[in-house]
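Before any comments, here is the structure.
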Amino acid sequence: WEEERYPEGIKWKFLEHKGPVFAPPYEPLPENVKFYYDGKVMKLSTKAEEVATFFAKMLDHEYTTKEIFRKNFFKDWRKEMTSEEKSTITSLSKCDFTHMSQYFKAQTEARKQMSKEEKQKIKEENERLLKEYGYCVMDNHKERIANFKIEPPGLFRGRGNHPKMGMLKRRIMPEDIIINCSKDSKIPSPPPGHKWKEVRHDNKVTWLVSWTENIQGSIKYIMLNPSSRIKGEKDWQKYETARRLKKCVDKIRNQYREDWKSKEMKVRQRAVALYFIDKLALRAGNEKEEGETADTVGCCSLRVEHIKLHPELDGQEYVVEFDFLGKDSIRYYNKVPVEKRVFKNLQLFMENKQPEDDLFDRLNTSILNKHLQDLMEGLTAKVFRTYNASITLQQQLKELTNPDDNIPAKILSYNRANRAVAILCNHQRAPPKTFEKSMMNLQSKIDAKKEQLADARRELKSAKADAKVRRDEKSKKTVESKKKAVQRIEEQLMKLEVQATDREENKQIALGTSKLNYLDPRISVAWCKKWGIPIEKIYNKTQREKFAWAIDMAEEDYEF
DNA sequence: CAACAGACTTGGAATAATTTTT
DNA sequence: AAAAATTATTCCAAGTCTGTTG
C-alpha cells in the first residue's frame with residue numbers, strides 16, 4: 001500500500017482520463033403530449049418545454065406544493081420562455097402539467113416492461129460508457145472514477161427549508177468544464193464543435209474535472225472512486241489520526257475540564273463546546289451565509305434557542321435539552337445530564353441574550369480548530385466524531401458478542417454495535433414507506449414457521465413412540481431424520497426472529513453513513529476473523545473494494 | 001481576522017438491480 | 001413469469017477544513 005511517498009502536497013505524477021460524459025440532449029415531447037394553460041392547449045418552445053418537464057416529473061412530489069419551490073421555479077422558468085410565452089403564462093397555478101406527468105409515468109412503466117433484449121442492449125451501452133469513461137490512469141494504476149457523468153439539468157432540490165429550492169439547475173456545457181490531467185497524458189478532447197473552459201495540470205489536487213454550479217456558485221468535481229489508492233490512503237490516514245487522538249484524549253479531557261474554570265470567557269466557551277463535541281459527537285458547526293441555505297447548525301453555531309436548561313428533570317440534575325436542525329436538516333433532539341460546571345457556564349453564556357443569539361458568541365470553528373491543532377497535530381473537531389464512533393464500535397462489539405451464539409445472532413450483535421454508533425452520530429432516516437407491511441409479512445412468516453416447528457415436533461414424538469414399539473433399524477432412522485428436521489426448523493425460526501428484531505430496532509436508524517465514514521474498517525475485519533464470520537456478511541462488494549486496504553491489513557488481534 | 005474560494009468528506013433519498021414470493 | 005420485497009448503487013446536496021487575500 002505504501003509505494004512511494006510524494007513530497008508534501010503532491011498527489012500524483014501522471015494522470016490521464018477521457019473527460020466527463022455529458023447529460024443527453026433534451027428530446028422534445030411527442031406532439032400528442034399536451035401542456036395546458038388556463039384550460040387551453042398551449043405549445044411551448046423547446047427551451048420552455050424542457051424546463052416544464054422538470055416540474056412535470058416532480059408533480060407527485062411534496063416539493064411542488066411548497067410555496068418557495070413554486071416561486072423559485074416559476075421565476076427561473078419564465079427566464080427560459082419566449083416573450084410571447086412570458087406574456088401568456090403569468091400564473092403557475094393555471095399551468096396544467098398532468099398530461100406531461102402521465103406521459104412520463106407511462107414511459108417509466110414502459111421501461112420496466114421492456115423485453116430482455118432491449119434491457120440487455122441498454123446494459124451493454126452503459127458498460128461501454130463505463131469502460132471508456134469510467135476509468136483513468138493515475139500513476140501506475142488504472143482506477144475507477146466515481147462520478148464521471150455530469151449532473152443533468154433539473155430543478156434544485158434543497159433539503160429542509162431551503163430558500164433556493166425549485167431553482168433551475170442549468171445544463172453544463174463543455175465550455176464550463178475545467179480538465180485536470182498531466183501534461184504528458186493524452187488530453188481528452190471536447191465534444192465536436194466545443195471547447196473546454198480550461199485545461200490545467202495541477203498535481204496538487206486529486207480531481208479530474210470541475211465546473212461551477214449555478215445555484216450556490218460552488219465548484220463541483222469529478223474524483224476517483226473510494227476503491228482508488230488515493231482515497232484509500234486518505235481514509236487510512238483519517239483513522240490513524242483518530243487513533244493518535246485515543247492516546248491523548250484523556251489529557252485533552254482533563255484540559256477542557258480545567259478550562260471550564262478559566263477567567264477568560266473565550267476559553268470557557270471553547271471548553272464547553274469541545275465537551276459537547278466529544279461527549280455528544282456534534283459536528284463543528286461552521287457559520288453559514290444567511291438566506292443562501294437552510295437554517296441548520298452545529299456545535300459552534302448553536303443559538304440560545306436551541307437549548308433549554310433544566311436544573312432538574314425526571315430525577316436528574318443539570319439536564320440540557322438540545323433541539324436543533326443539523327446537517328441535512330435532520331433534527332437533533334437529546335436530553336443530556338451534564339456536570340454542574342458546564343451547566344453553570346451555559347447559564348452564564350445565555351445571560352442577557354435573545355433566543356436568536358449565538359450561544360458561543362466568542363467562538364467559531366476556526367478558533368476551536370486552531371486550539372485543537374495545538375493539542376495534537378492534525379486534530380480537528382471532526383476527528384472526535386471518528387474517534388468516538390470507532391471506539392464505541394470496538395467497545396460495543398466486545399460487550400455484545402456472545403461466543404456461544406451462532407452466526408446470525410453474532411451478526412445481530414454487530415448490527416447493534418453499529419446501531420449504537422449511528423445513534424451517537426444521530427444518523428436518522430425516514431422510516432421506509434413499506435415498513436409496517438414488511439414487519440407484518442415477517443411476523444406471519446415467523447408464525448408459519450412456528451406452526452411448522454410444532455408439526456415437526458409432533459412427528460418426531462410419534463416416530464419415537466413408533467420406534468420404541470417396533471425396535472427396528474428403519475424406525476430408528478426415521479427418528480434421526482425427524483430430529484434433524486426439528487433442528488433445522490428451529491434454526492430457521494431463530495434466524496427469522498433475529499431478522500425481525502434487527503429490522504424493528506433499525507426503523508429510523510441509518511447505518512450506512514457510520515459504516516462507510518466513521519468506523520475504522522479494521523475493527524470489523526478483526527471481529528470477523530476472530531469469530532469466523534465471513535466478511536461478506538458485513539461488507540458487500542462495493543464496501544469490500546473500498547476497504548480493501550483494511551481487509552488486507554487487519555489481523556484478528558487488531559486494536560483501534 | 002474576516003471573507004471568500006477551493007478541495008475534499010459526509011449524508012439521506014431516489015433509483016436500479018437482484019432476490020424472493022406468488 | 002410477474003410482482004413484491006430487499007439490497008446495492010447512484011445521485012447530488014451539505015457539511016468540514018485549508019489556504020489566500022485584503
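Per chain, numbering begins at 1; letters A, B, ... match sequence-line order. Atoms considered below: every heavy atom in the structure, side chains included; atoms not considered: hydrogens, waters and symmetry mates.
- Rounding to whole angstrom units, CD of residue A:E292 and P of B:dA5 are separated by 11 Å.
- Remark: A:K66 is not positioned above the aromatic ring of A:F69, lacking an NZ or CZ atom under 6.0 angstrom from the ring centre and at most 45 degrees off the axis.
- Judged by closest nucleotide on DNA chain C, A:K437 is the one of A:G160 and A:K437 placed further toward the 5' end.
- Taking atom CD1 on A:I538 and atom C1' on C:dT7, their separation rounds to 15 Å, with Å as the unit.
- At whole-Å resolution of the value, CD in A:Q216 and P in B:dC4 are 14 Å apart.
- Applying the salt bridge (charged side-chain N to carboxylate O under 4.0 Å, His left out) test to every pair with at least one member in residues 200-210 of chain A, sequence neighbours left out, gives these pairs: A:E198-A:R200.
- Taking atom CD1 of A:I215 as the reference point, atom C1' of C:dG15 lies 18 Å away to the nearest angstrom.
- Between the NZ atom of A:K164 and the P atom of C:dA14 there is a distance of 11 Å, rounded to whole Å.
- Among residues two or more places apart in sequence or in another chain, the salt bridge (charged side-chain N to carboxylate O under 4.0 Å, His left out) test is passed with A:D358 by none.
- Contacts with DNA chain C (heavy atom under 4.0 Å) in residues 166-183 of chain A: A:K169, listed by number.
- Using a cutoff of 4.0 Å between basic side-chain nitrogens and carboxylate oxygens, A:D502 and A:R416 are not scored as salt-bridged.
- Judged as a side chain to side chain contact (heavy atoms under 4.5 Å, CB included), and not counting sequence neighbours, the contacts of A:N540 are A:T542, A:Q543.
- Atom CE in A:M223 sits roughly 15 Å away from atom P in C:dA13 (whole-Å rounding).
- Residue A:P432 is classed as having no contact, given no heavy-atom separation below 4.0 Å to the nucleic acid.
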Residues A:E50, A:R171; criterion salt bridge (charged side-chain N to carboxylate O under 4.0 Å, His left out); working and verdict | CA-CA 11 Å; A:E50 179 180 7; A:R171 182 178 289 272; 3.1 Å; yes
Reading nucleotides 17-22 of chain C 5' to 3', which nucleotides get B (base under 4.0 Å from a protein heavy atom), which S (sugar-phosphate only), which -?
-> BS----
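- Pairs engaging residues 150-163 of chain A under the side-chain hydrogen bond (donor to acceptor under 3.5 Å, both in side chains) rule: A:E151-A:K169, A:E151-A:K220, A:R159-A:D328, A:H162-A:Q216 [sequence neighbours left out].
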Using a 4.0 Å cut-off on protein heavy atoms (strictly under), produce a 5'-to-3' string for nucleotides 11-22 of chain B with B for base contact, S for backbone-only sugar-phosphate contact, and - for none.
-> BBSS------S-
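- Across all strands shown, A:N441 has heavy atoms under 4.0 Å from sugar-phosphate atoms exclusively, and none from any base.
- Heavy atoms of A:K370 sit nowhere under 4.0 angstrom from any nucleic acid atom.
- Between atom OG1 of residue A:T98 and atom NZ of residue A:K105 there is a gap of 9.0 Å, rounded to the nearest 0.5 Å.
- Residue-level contact check: A:G298 touches neither bases nor backbone, having no heavy atom under 4.0 Å from any strand.
- C:dA4 atom C1' lies 11 Å from atom NZ of A:K112, rounded to whole Å.
- In this structure, a donor-acceptor pair under 3.5 Å is absent between the side chains of A:N426 and A:Y333.
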N/O-N/O pairs, protein side and nucleotides 8-10 of chain C side, under 3.5 Å:
unit_1	atom_1	unit_2	atom_2	d
C:dT9	OP1	A:T542	OG1	3.1
C:dT9	OP2	A:T542	OG1	2.0

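- In this structure, A:T206 reaches the sugar-phosphate backbone alone: every heavy-atom distance under 4.0 Å involves primed, P, OP1 or OP2 atoms, never a base.
- Side-chain N/O atoms of A:S438 include one lying less than 4.0 angstrom from OP1 or OP2 on C:dT6.
- Annotation: A:Y133 is not in aromatic contact with A:F148 [ring centroid separation under 6.0 Å not met].
- A:I538 has its side chain within reach of A:K515: a pair of non-hydrogen atoms, C-beta onward, lies under 4.5 Å apart.
- When distances run from any side-chain atom of A:W207 to the nucleotides C:dC12, B:dT9, B:dA7, the shortest one goes to B:dA7.
- Between the C1' atom of B:dC8 and the CD1 atom of A:I222 lies a distance of 15 Å, rounded to the nearest Å.
- Residues that satisfy the salt bridge (charged side-chain N to carboxylate O under 4.0 Å, His left out) test with A:K164, not counting sequence neighbours, are A:E292.
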Determine, step by step, whether A:D139 and A:R229 satisfy the salt bridge (charged side-chain N to carboxylate O under 4.0 Å, His left out) criterion, reporting the C-alpha distance in whole Å, the side-chain angles of both residues, the deciding distance to 0.1 Å, and the verdict.
-> CA-CA 10 Å; A:D139 295 336; A:R229 188 221 88 212; 3.6 Å; yes
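- A centroid separation of less than 6.0 Å is found between the aromatic rings of A:Y539 and A:F547.
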DNA chain B in dot-bracket, Watson-Crick or G-U pairs under 3.5 Å, [ ] crossing, | other strand?
-> ||||||||||||||||||||||
N/O donor to acceptor pairs below 3.5 angstrom from side-chain atoms of residues 375-384 of chain A, sequence neighbours left out:
none

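- Between A:F97 and the choices A:W77, A:F54, A:F104, the ring pair (Phe, Tyr, Trp, His ring centres under 6.0 Å) rule is met once, by A:W77.
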Please table the atom pairs, donor to acceptor, closer than 3.5 Å between any side-chain atom in residues 434-441 of chain A and protein atoms at least two apart or in another chain.
unit_1	atom_1	unit_2	atom_2	d
A:E436	OE2	A:K507	NZ	3.3
A:S438	OG	A:R503	NH1	2.5

